[in-house]
Amino acid sequence: MRLADSHCHLIYKGLGEQQPEVLARAREAGVVAMLNISTREREWDEVIAVAEREADVWASVGIHPHEADEHPDIDASKLIEKARHPRVVGIGETGLDYYYDHSDRNRQRASFRTHITACRETQLPLIVHTRDAEADTAEILREEMGKGAFPGVIHCFTASREFSEIALELGFYISISGIVTFKNAKDLQDTAAQLPLDRLLIETDAPFLAPVPHRGKTGEPAFVADTCRFLAQLRGEDPDALADATRANFHKLFAKTLA
């Protein structure tokens, strides 16, 4: 298999201190492309530095909804300026998280729209985190899409079938994480089995959400192979073919990776 991990955090604890070994294991597992995601402004330079150093790693710039309160001065121009870097291929992760409510909801919504403005200007994909916030996420995406189209992905998809249909209708891709392998993820499995192949991505969200059979361990990009094999079986597809399709989708969405 030749795989793309569309969402990981290579500088986070559990991965950052053993990054060369983590990358070596990923490559041995067949991972040929990784998107290293930022969640705070102070991470941007470090995330980009990994992408500068490693030819198969790219970077994003963004503010996680958990961090919205800590970044009141983030505006679209700051994101746009940083996104000019040749190794920055996406904006985010951003979005809404009403499960933890670590940041004020109004500030989360404002930050989300700021990121969308940057995506519309740069035409780089929006990387969306949404948890317990389907209605507001859908409303904002629809409203903002009406102002001018922009590409994007719903990362670590765990939402309803109805929300997946809205996302697909708006032209978004949907990225499936190791959660799909969990025994209690029946609804997600049912949705993932029906997603159109040409809009599907696979991710680890490492160091989080290690799939079965690694559950409970620190997640790493190598484990995207396990999620791919599970998902292929779930969908009745060949694992190598699914790896090829999702990797092609990754490069189509994050087109700057082909530059």
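The shown structure was predicted, so the numbers you read here are calculated from the model rather than taken from an experiment.
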Electrostatic pair [X]:[Y] at N-O distance under 4.0 angstrom:
X: E43; Y: R40; answer: yes
X: R131; Y: D97; answer: no
X: E143; Y: R113; answer: yes
X: K82; Y: D45; answer: yes
X: R105; Y: D136; answer: no
X: R87; Y: E52; answer: no

Excluding sequence neighbours, so at least two apart, what forms ring-ring contact (aromatic ring centres under 6.0 Å, His included) with [X]?
X: F254; result: F250
X: H64; result: H66, H129
X: H71; result: none
X: F157; result: none

Give the table of side-chain donor-acceptor pairs shorter than 3.5 Å for residues 147-154, with sequence neighbours excluded, one pair per line with atom names and distance.
residue	atom	partner	partner atom	Å
K147	NZ	E144	OE2	3.0

Holding to side chain to side chain contact (heavy atoms under 4.5 Å, CB included), I want the full list of residues that pass it with [X], two or more places apart in sequence or in another chain.
X: P72; answer: none
X: S160; answer: E134, E162, F163
X: T246; answer: L200, I202, L242
X: I166; answer: A138, R142, L170

> Tracing side-chain links under 4.5 Å among I, L, V, M, F, W and Y, which residues wind up in one group with Y99?
Replying inline: Y100

> Taking ILVMFWY side chains as joined if any heavy atoms are under 4.5 angstrom apart, and letting links pass through other members, which residues group with I48?
Replying inline: W44, V61, I63, I74, L79, V88, I91, L124

> Do the ring planes of H7 and H155 sit parallel (below 30°), tilted (30 to 60°) or perpendicular (above 60°)?
Replying inline: parallel

> So, for P207 and H9, which heavy atoms are closest and what is the spacing to 0.1 Å?
Replying inline: CD-O, 3.8 Å

>> Counting C-beta onward and ignoring hydrogens, is there a side-chain heavy-atom pair between L195 and Y173 closer than 4.5 Å?
In response: no

>> Applying side-chain hydrogen bond (donor to acceptor under 3.5 Å, both in side chains) as the test, list every pair that has at least one member in residues 25-35; sequence neighbours left out.
In response: Q18-R25, R25-E220, R27-E54, R27-D56

